[in-house]
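Comments concern the structure below.
FYI, the numbering just counts along the sequence from 1. Note that ligands are numbered from 1 as they come in the structure, with each ligand's atoms numbered from 1 the same way.
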Amino acid sequence: MSASARAHSNIALIKYWGKRDVALNLPAVGSIAITLAELATETRVEFDPHLAADHCQLDGTNVDATRISRFLDRIRARSGTNLHAKVISRNNFPTSAGLASSASGFAALTLAACAAAGLELDRRELSILARQGSGSAARSIFGGYTEMRRGSAADGHDAYAAPLLDAAAWPLTVVVAITENRAKSVDSGKGMISTAASSPFYADWVSAADADLDAMRAAIAGRDFHALGALPEHSCLKMHALMLSSKPALIYWNAATITVMHTLRALRADGVPVYFTIDAGPQVKALCPPAHSKTVTEALAAVPGVQSVWPTGLGPAAQLLDPCCK
Ligand code: DP6
């Protein structure tokens with residue numbers, strides 16, 4: 001009863017921020033994202049009759065297993081097992097610093113735990129399950145360009161992600177500028193709940209989401225790079241306006257985050273096709289056509305406060321690594 005899986009992180013072009021149901025983790029808005037090739041989580045799950053509780057190790061350190069245990073309970077209930085599990089997970093990038101580690105983490109955990117428990121689910125069901133661990137994880141079940149549907153059903157059966165376009169159909173480079181390696185102070189889930197309760201702009205954010213999603217779908221279908229870049233920049237800045245206007249304010253940026261934004265806008269004014277997006281953390285992700293990857297990478301590496309720069313293409317769907325167990 002063990003299995004391992006690899007899932008890639010994704011970043012949203014049109015952001016998810018806000019929940020319509022906290023217990024089922026249903027998003028208040030849909031989202032569109034891209035899965036990243038170079039940022040991945042590998043997770044091994046082993047259900048073991050000798051364990052009295054779930055154990056979780058992340059990047060070589062034992063961590064609190066509460067959130068993982070709650071998630072495994074859903075898989076135990078569905079598969080009919082009552083065994084506890086040992087979960088060993090590794091990220092090849094900084095955890096919880098705004099690089100979507102919960103997306104790749106819960107997507108890898110979903111695949112590995114279902115396989116270890118003998119549950120055979122299709123990708124849509126895997127996506128629904130992953131969403132209950134973390135909303136953005138629903139998208140990392142798939143590769144390339146993906147869309148997460150908000151859904152409207154109370155039980156969440158229509159809130160899942162689906163592929164929009166293969167990675168190879170429209171190559172894109174994302175240059176991730178790391179400006180801080182520590183975990184963020186307020187995790188996304190808590191931040192969203194606080195925003196919904198306190199930002200005066202929250203209702204407008206929710207009501208504008210469908211128009212943003214329509215525009216992004218059209219940009220992808222039409223391979224319109226300038227729309228593909230401009231829409232995420234706007235979506236991200238709108239989301240950070242919500243965060244800033246929450247009580248207490250959620251300020252995820254540091255000084256280097258802001259310098260990187262100005263650097264990218266100056267590059268664009270000089271004719272380099274590049275845009276940015278930022279999640280709930282201080283890292284900036286620059287979006288550009290692959291031909292401009294070197295220029296953007298060099299420019300970001302030179303910004304004071306940028307600690308490292310990771311260029312990546314678009315990545316594949318989550319996959320099982322050793323379904324036959326070791
Ligand atoms: C800013 O998926 O981490 O990255 O569902 O509470 O686990 P939970 O939240 P999470 O939030 C992601 C927020 C975001 C935007 C996005 O990825 O769409």
Side-chain angles (χ1 to χ4, degrees), residues 7-36 39 41 66-68 70-71 74 91 93-110 127-142 145-151 156 159-161 164 174 176 183-196 199 202 205-206 209 212-213 216 231-244 246 250-253 257 276-285 287:
H8 295 256
S9 165
N10 73 76
I11 52 162
L13 301 174
I14 301 298
K15 302 293 186 195
Y16 149 51
W17 195 256
K19 299 174 193 281
R20 66 181 172 89
D21 183 306
V22 173
L24 289 175
N25 204 31
L26 295 172
V29 294
S31 51
I32 292 179
I34 43 180
T35 301
L36 304 178
L39 280 68
T41 302
T66 312
R67 188 170 173 193
I68 305 289
R70 264 205 312 267
F71 183 73
R74 297 179 191 279
N91 292 327
F93 58 92
T95 298
S96 299
L99 288 179
S101 57
S102 71
S104 51
F106 274 98
L109 178 66
T110 302
S127 178
I128 289 176
L129 199 49
R131 184 209 77 228
Q132 294 170 63
S134 181
S136 52
R139 303 182 308 233
S140 274
I141 296 295
F142 302 97
Y145 298 76
T146 63
E147 176 166 5
M148 172 73 202
R149 293 160 214 262
R150 171 195 190 276
Y160 51 80
L164 277 180
V174 179
V176 183
K184 63 192 168 211
S185 50
V186 180
D187 81 29
S188 302
K190 289 200 183 87
M192 289 181 201
I193 292 169
S194 154
T195 294
S199 169
Y202 183 68
W205 161 258
V206 173
D212 289 350
L213 292 163
M216 181 50 84
L231 292 164
E233 222 175 84
H234 182 61
S235 175
C236 138
L237 291 172
K238 266 204 294 190
M239 179 183 75
H240 281 274
L242 290 180
M243 294 161 165
L244 293 169
S246 299
L250 297 163
I251 306 177
Y252 286 110
W253 299 343
T257 312
F276 63 80
T277 185
I278 305 168
D279 287 314
Q283 330 301 1
V284 183
K285 292 97 180 188
L287 309 166

Query raised in the report: Under 4.0 Å from any heavy atom of G135, which atoms of ligand 1 are there?
Result: 2 (O), 5 (O), 7 (O), 8 (P)
Report task. Find all atoms of ligand 1 within a distance of less than 4.0 Å from any non-hydrogen atom belonging to S136, and give their numbers and elements. Result -> 2 (O), 3 (O), 10 (P), 17 (O)
Query raised in the report: What are the two closest non-hydrogen atoms of V206 and A28, and how far apart are they?
Result: CG1-O, 4.0 Å
Query raised in the report: Does A137, backbone or side chain, put an N or O under 3.5 Å from an N or O of ligand 1?
Result: no
Report task. Output the distance between atom CD1 (I32) and atom CD (E147), rounded to the nearest 0.5 Å. Result -> 4.5 Å
Report task. Output yes when the distance from some N or O of ligand 1 to some N or O of W17 is under 3.5 Å, and no in every other case. Result -> no
Report summary line: The residue among L39, T35, I34 that forms side chain to side chain contact (heavy atoms under 4.5 Å, CB included) with H8 is T35
Query raised in the report: Looking at N91 and S101, what are the two nearest heavy atoms and their distance?
Result: ND2-CB, 3.8 Å
Report summary line: When rounded to the nearest 0.5 Å, the distance separating CD of Q283 from OG1 of T277 is 12.5 Å
Query raised in the report: Is M192 near ligand 1, meaning one of its heavy atoms is under 4.0 Å from it?
Result: yes
Query - Residue G189 vicinity, atoms of ligand 1 by number, heavy atom under 4.0 Å - result: 6 (O)
Query raised in the report: Is any N or O atom of R67, backbone or side chain, closer than 3.5 Å to an N or O atom of ligand 1?
Result: yes
Query raised in the report: For ligand 1, which atoms, with element, lie under 4.0 Å from some heavy atom of A12?
Result: 16 (C), 17 (O), 18 (O)
Query raised in the report: Is there at least one pair of N or O atoms, one from N10 and one from ligand 1, spaced under 3.5 Å apart?
Result: no
Query raised in the report: Given H240, which of W205, W17, W253 fulfils the ring pair (Phe, Tyr, Trp, His ring centres under 6.0 Å) condition?
Result: W253
Query raised in the report: In ligand 1, which numbered atoms sit nearer than 4.0 Å to a non-hydrogen atom of S188?
Result: 3 (O), 9 (O), 10 (P), 11 (O)
Query raised in the report: Parallel, tilted or perpendicular for F106 and F71, by the 30°/60° rule?
Result: perpendicular
Report task. Would you please say whether a donor-acceptor pair under 3.5 Å links the side chains of S246 and T195? Result -> yes
Query raised in the report: Taking only heavy atoms of S102, which atoms of ligand 1 are found under 4.0 Å from at least one of them?
Result: 3 (O)
Query - Proximal candidate to atom 17 (O) of ligand 1 [heavy atom criterion; set K15, M239, R139, K19] - result: R139
Report summary line: Closest heavy-atom pair, T41 versus G105, reported as atoms and distance to 0.1 Å, is OG1-N, 3.7 Å
Requested in this report: Taking only heavy atoms of A280 into account, list the atoms of ligand 1 that are under 4.0 Å away from them.
Outcome: 1 (C)
Query raised in the report: Counting only heavy atoms, which portion of I11 has something under 4.0 Å from ligand 1: side chain, backbone, both, or neither?
Result: neither
Query - Lys/Arg-Asp/Glu bridge criterion (N-O < 4.0 Å) met for D212, K15 - result: no
Query raised in the report: Taking only heavy atoms of N25, which atoms of ligand 1 are found under 4.0 Å from at least one of them?
Result: 5 (O)
